[in-house]
Amino acid sequence: MDYWQKANKKLDILRQRDDYLILAIESSCDETAVAITRGKKILSNKISSQIDIHRRFGGVVPEIASRNHILAIDNVLKDALDDAGVMLSDIDAVAVTYGAGLLGALLVGVAYAKSLAYALELPLIAVNHIKGHIAANFITDETLSFPFICLLASGGHTAVLKADSFRNMEILGTTCDDAAGEAFDKVARVLGLPYPGGPQIEACALSGKPTIPMPRAFKGEKHLNFSYSGLKTAVINYVHNTKAKGGEINAADLARSFQDEAVGVLIEKAVLSAKRTGISTIALAGGVGANSALRQGLVEAGEKNDIKVLLPPKSLCTDNAAMIGVAAFLDIAEGALPAGLKLDADASLR
Ligand code: KG4
Ligand code: ZN
């Protein structure tokens, strides 16, 4: 039997159980992450962040990210195994993010995972990063069942989805230009705040008032798509115009005004998605899901509209490997096949 036949056979046996161990790897952007999961439970979840390395460049430098993943991954793997109290020989399957993300960064995780899977003769499960974010909700509530509405807002994606099963999700609306997290990061840069901008804007907005009018994209239109480029441009224009007139920028008020609009539209479209589909659960996913104003606003909207709102802890909203392990578990349960050793990274995976 060759590797692929063995992996297939092992996966068929695992599919009958729910107590097997997955070693999961995530390296799509600037976090090198390894987790050990069992079913929907986390045994360990280790992350080595490169934020301090990229901060001086004002954003992630892809080549530098790849190099640092290579430097970090051995130690993160060792930490994850130690923390879970298991050895490589205890692992039953390997999961890895293969897209979307930075190509070179993804390749490090994919090559590492393929080597591990081949050497240990284990099935390898290829995970879509976005499905990983959605899977974080099953860690938060193990009883979560399909269908549900997912509000996804990360650095690269923004969408409302109808999740009918793990393998079958319908995009109800998506962004036509920038992602929500991207808008946070760009507006932070305009305000002179360091990367990553989301948490910085949130902190800055705490002492501000929403005094500056912001445009709502697609106002009055029925579809559920998003657009963040007009909002970003409104902030940039406000800064330029105020400076040109010799005025002072109140960064806190500007951050608060921007944040209110940026999260307000997410909440509005998530609630609309629930109402239109008649589905009464909204699950939150992606890095912007760590934003307290979004979390609070979503809970309040849920209470008002009789919708259950699921909020993964902030550490599971931003990139991590536990969500990749649980995504693989859910995918295996729905019949996923093992990825072969030809698995490649796909930077623009849908
Ligand atoms: O999901 P994620 O960790 O990585 C991607 O898959 O993109 O999301 C990162 C994005 C960044 O744009 C970051 O600024 C944003 O999530 N973010 C936040 C907050 N924490 C992270 N945005 C708003 N408020 C936050 N507290
Ligand atoms: Zn992410």
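Note that ligands are numbered from 1 as they come in the structure, with each ligand's atoms numbered from 1 the same way. Numbering starts at 1 and runs along the sequence shown.
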Evaluate the criterion salt bridge (charged side-chain N to carboxylate O under 4.0 Å, His left out) for residue pair D164 and K162; output intermediate values, then yes/no. CA-CA 6 Å; D164 290 311; K162 178 166 162 276; 3.1 Å; yes
Check whether any N, O or S atom of C29 sits under 2.8 Å from the Zn ion (ligand 2). no
Would K269 count as a cation-pi partner of F226, with NZ or CZ less than 6.0 Å from the six-membered ring centre and within 45° of the ring normal? yes
Correct closest heavy-atom pair for K131 and N168 would be NZ-N, 4.5 Å
Heavy atom of the protein closest to atom 21 (C) of ligand 1 (residue, atom name, distance): G287 O, 3.3 Å
What residue and heavy atom of the protein are closest to atom 22 (N) of ligand 1, and at what distance? G198 CA, 3.3 Å
Could you pull out the atom name of the N/O/S atom in D319 that is nearest the Zn ion (ligand 2)? OD1
Report yes or no: does a heavy atom of P199 sit under 4.0 Å from some atom of ligand 1? yes
Examine the proximity of ligand 1 to D185 and report which part, side chain or backbone, both or neither, has a heavy atom under 4.0 Å away. side chain
Checking side-chain hydrogen bond (donor to acceptor under 3.5 Å, both in side chains) for the pair T242/E248: CA distance, chi angles, key distance, verdict? CA-CA 7 Å; T242 309; E248 282 278 311; over 6 Å; no
Below the 3.5 angstrom mark, is there an N/O of G181, backbone or side chain, next to an N/O of ligand 1? yes
Just to verify, which of I279, L144, T281 counts as forming a side-chain contact (heavy atoms from CB on, under 4.5 Å) with K308? T281
Atom indices of ligand 1 within 4.0 angstrom of E202 heavy atoms, with elements: 24 (N), 25 (C), 26 (N)
Minimum heavy-atom separation for L298 and A270, please, with both atom names. CD1-CB, 4.3 Å
At under 4.0 Å between heavy atoms, which part of H129 makes contact with ligand 1: side chain, backbone, both or neither? side chain
If we set the cut-off at 4.0 Å for heavy atoms, which region of H133 has an atom near ligand 1: side chain, backbone, both, or neither? side chain
Is it the case that the ring center of H54 lies less than 6.0 angstrom away from the ring center of Y195? no
Using ring centroids (six-membered ring only for Trp), state whether F184 and Y228 fall under 6.0 Å. no
Of all protein heavy atoms, the one nearest atom 9 (C) of ligand 1 is G155 N, 3.7 Å
State plainly whether the residues K6 and E121 are in salt-bridge range, i.e. N to O under 4.0 Å. yes
P196-ligand 1 polar pair, N/O distance under 3.5 Å: no
Give the residue and atom name of whichever protein heavy atom lies nearest to atom 24 (N) of ligand 1, and the separation in Å to one decimal. N291 ND2, 3.0 Å
